[in-house]
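What follows is a set of notes on a single structure, which appears directly below.
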Amino acid sequence: MINAPGPCVLFATPGMLSGGFSLEVFKQWAPYEQNLIALPGYCLAETVGHKLMRAKPPARIDVDKSTQIDVRCQIHQLSFSPHTDSKGIMDLIRFLSPKNVILVHGEKPKMASLKERIESDLRIPCYYPANNESQCIESTQYIKAEASKSFLQSSLSPNFKFLKTISRADTGFILNERAESCIQVCDDRVAEGAVIMQKDQHPKIVHQNELMDILEAENHKVQVAYCCPVCVPNEPKNVALSPGEDMHAVLDKRSLLHLLYTKLSNDFQDVTIQNDGDRLQIESLTVSPCPKEKCPHRRHVNPVSTSEAVNFCCTWSMEDEKLAWRVISIMKNLELKTSAHLELKKCSDEGS
């Protein structure tokens, strides 16, 4: 069709005549005066299009190192560009309201200036990575998935927990008096699950208890344990105690746990501390008096002369490691003084 007789209009790319079909047509049509070549927009330097824009026919154009073309055709340049200006780009971004903008074409100083305008005026993150540079952006992908019966039941069924708590206001705890307590009702309906994506099957959300069975794997749970000593002052001297009675019989574990609860509540007001009378619960951290004489999680501690150590076993999951060691560091520096100590001290003073 290039050599077909009669008038015609041909649109061919690339517009800079840097190669391809447009350059092949140019080689055959440029030597004839009745032809016209229209160059739309900008042409890069050293391209055939750029050479034509500077030439005045008749002229000789170097197409490559071994090829020259006699140009006698008319040459026009049209003011046309597929690229918009900064105002047009800003209007487009404002209309689309994307979550991120990446500038991929342009001069670096102007791209940097446009990036500042986009971020300051439109409050949209903007990037202009260099050639061969990777750019990571956060994105959200929605997946239509099925849900197992167990997962749905765990999400919808009530999850009531009844916890016996001791009032924080009861700081003056005395052994022979009843501590004011109340029942706390919790209903946390947070379901934990996993998305299973198997070959040739729809994605499915399953309950965490089903996951190991589906994968045919054994479930492992890592917990950390530490038996922490907390100092309790020794009983005052010259105090008459009943035969066979010692300080630990007077200071029962529940009273010590209550004192520990009161101390920790003042230091950890940003987390919920639950006290059911036998143990403290702080996230996954459990603190309870240790009944064992030789606990495998206990390190050897030499108590000071005026105090002896009461040990509390602490267990927690790995995700609460920082919180657990914060609590333990405070427990190590505590000295639990109960009202029983005060009464015993008072009796000692009166006897002396």
Side-chain angles (χ1 to χ4, degrees), residues 11 13-16 18 20 40-44 47 78-157 159 186-212 214-215 217 222 268-272 283-284 317-323 326:
F11 292 89
T13 57
M16 299 183 189
S18 54
Y42 177 75
C43 291
L44 288 174
T47 61
L78 299 179
S79 180
F80 169 81
S81 175
H83 305 285
T84 184
D85 56 9
S86 60
K87 180 182 181 302
I89 294 176
M90 293 291 289
D91 291 341
L92 177 65
I93 297 173
R94 188 179 289 106
F95 175 76
L96 295 176
S97 298
K99 293 184 178 180
N100 297 275
V101 174
I102 299 181
L103 306 177
V104 297
H105 183 67
E107 298 177 5
K108 188 174 181 179
K110 294 183 178 180
M111 294 173 72
S113 176
L114 183 58
K115 173 184 181 297
E116 293 181 0
R117 287 188 58 191
I118 293 172
E119 293 182 337
S120 62
D121 296 353
L122 305 181
R123 305 292 182 183
I124 298 176
C126 183
Y127 313 92
Y128 63 114
N131 291 341
N132 299 322
E133 179 183 342
S134 298
Q135 182 66 58
C136 297
I137 61 174
E138 295 183 0
S139 63
T140 302
Q141 184 176 3
Y142 295 95
I143 301 174
K144 186 177 181 180
E146 300 175 353
S148 68
K149 185 177 180 180
S150 298
F151 178 79
L152 293 177
Q153 287 179 343
S154 65
S155 305
L156 301 177
S157 301
N159 184 29
C186 299
D187 183 13
D188 296 330
R189 302 190 189 186
V190 179
E192 295 186 8
V195 178
I196 302 296
M197 302 181 70
Q198 296 176 312
K199 188 177 181 180
D200 300 328
Q201 295 185 17
H202 292 291
K204 189 174 184 179
I205 303 175
V206 299
H207 192 268
Q208 58 178 356
N209 296 336
E210 301 176 289
L211 182 60
M212 294 295 104
I214 295 175
L215 300 178
V222 178
F268 292 90
Q269 299 181 2
D270 55 334
V271 296
T272 301
E283 301 296 341
S284 67
S317 301
M318 293 298 295
E319 59 266 19
D320 294 322
E321 183 176 8
K322 291 184 179 180
L323 173 64
R326 281 177 57 202

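All values below come from the heavy atoms of this structure, side chains included, with hydrogens, waters and symmetry mates left out.
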Worksheet item: Roughly how far, to the nearest 0.5 Å, is the CD atom of Q198 from the CG atom of L215?
Response: 8.0 Å

Worksheet entry | Pairwise ring-ring contact (aromatic ring centres under 6.0 Å, His included) hits with a residue in residues 107-135, at least two apart | none

Fill in: Contacts of S284 that satisfy side-chain hydrogen bond (donor to acceptor under 3.5 Å, both in side chains) - sequence neighbours left out
D320

Worksheet item: Who passes salt bridge (Lys or Arg N to Asp or Glu O under 4.0 Å) against K87, sequence neighbours left out?
Response: D91

Worksheet item: Which value, rounded to the nearest 0.5 Å, describes the distance between S97 atom OG and L122 atom CG?
Response: 8.0 Å

Practice prompt. With sequence neighbours excluded, give me every ring-ring contact (aromatic ring centres under 6.0 Å, His included) pair touching residues 94-126.
Written response: H83-H105

Worksheet entry | Closest contact, heavy atoms only, P129 versus L103 | CD-O, 4.0 Å

Worksheet item: To the nearest 0.5 Å, what is the distance between CD1 (I214) and NE2 (H207)?
Response: 12.0 Å

Practice prompt. Not counting sequence neighbours, list each pair that qualifies as a salt bridge (charged side-chain N to carboxylate O under 4.0 Å, His left out) and has a residue in residues 122-141.
Written response: none

Worksheet item: Which atom pair, heavy atoms only, marks the closest approach of G15 to P40?
Response: O-CD, 4.3 Å

Worksheet item: In chain order, what residues pass the side-chain contact (heavy atoms from CB on, under 4.5 Å) check against P14, with sequence neighbours excluded?
Response: S18, S22

Worksheet item: Roughly how far, to the nearest 0.5 Å, is the CZ atom of R117 from the CD1 atom of I124?
Response: 13.0 Å

Worksheet item: So how far is it from S148 OG to L211 CG, rounded to the nearest 0.5 Å?
Response: 10.5 Å

Worksheet, complete the sentence: R326 meets the salt bridge (Lys or Arg N to Asp or Glu O under 4.0 Å) criterion, sequence neighbours left out, with none

Worksheet entry | ring-ring contact (aromatic ring centres under 6.0 Å, His included): pairs with one or both residues in residues 133-155, sequence neighbours excluded | none

Worksheet item: Quick one: salt bridge (Lys or Arg N to Asp or Glu O under 4.0 Å) partners of E321, sequence neighbours excluded?
Response: none

Worksheet item: Hey, is CE on M212 packed in by over 12 heavy atoms from elsewhere, all under 6.0 Å?
Response: yes

Worksheet item: Which pairs with one or both residues in residues 193-211 pass salt bridge (charged side-chain N to carboxylate O under 4.0 Å, His left out), sequence neighbours excluded?
Response: none

Worksheet item: Just wondering, more than 12 heavy atoms not from E107 lying within 6.0 Å of its CD?
Response: no

Response to the item:
Residues passing the side-chain contact (heavy atoms from CB on, under 4.5 Å) test with E119, sequence neighbours excluded, are K115, C126

Worksheet item: So do the side chains of V206 and S150 get within less than 4.5 Å of each other, counting heavy atoms only?
Response: no

Response to the item:
dist D121:CG -> L114:CG (nearest 0.5 Å) comes out at 10.0 Å

Fill in: Residues that A145 engages under side-chain contact (heavy atoms from CB on, under 4.5 Å), provided they are two or more places apart
P203, I205

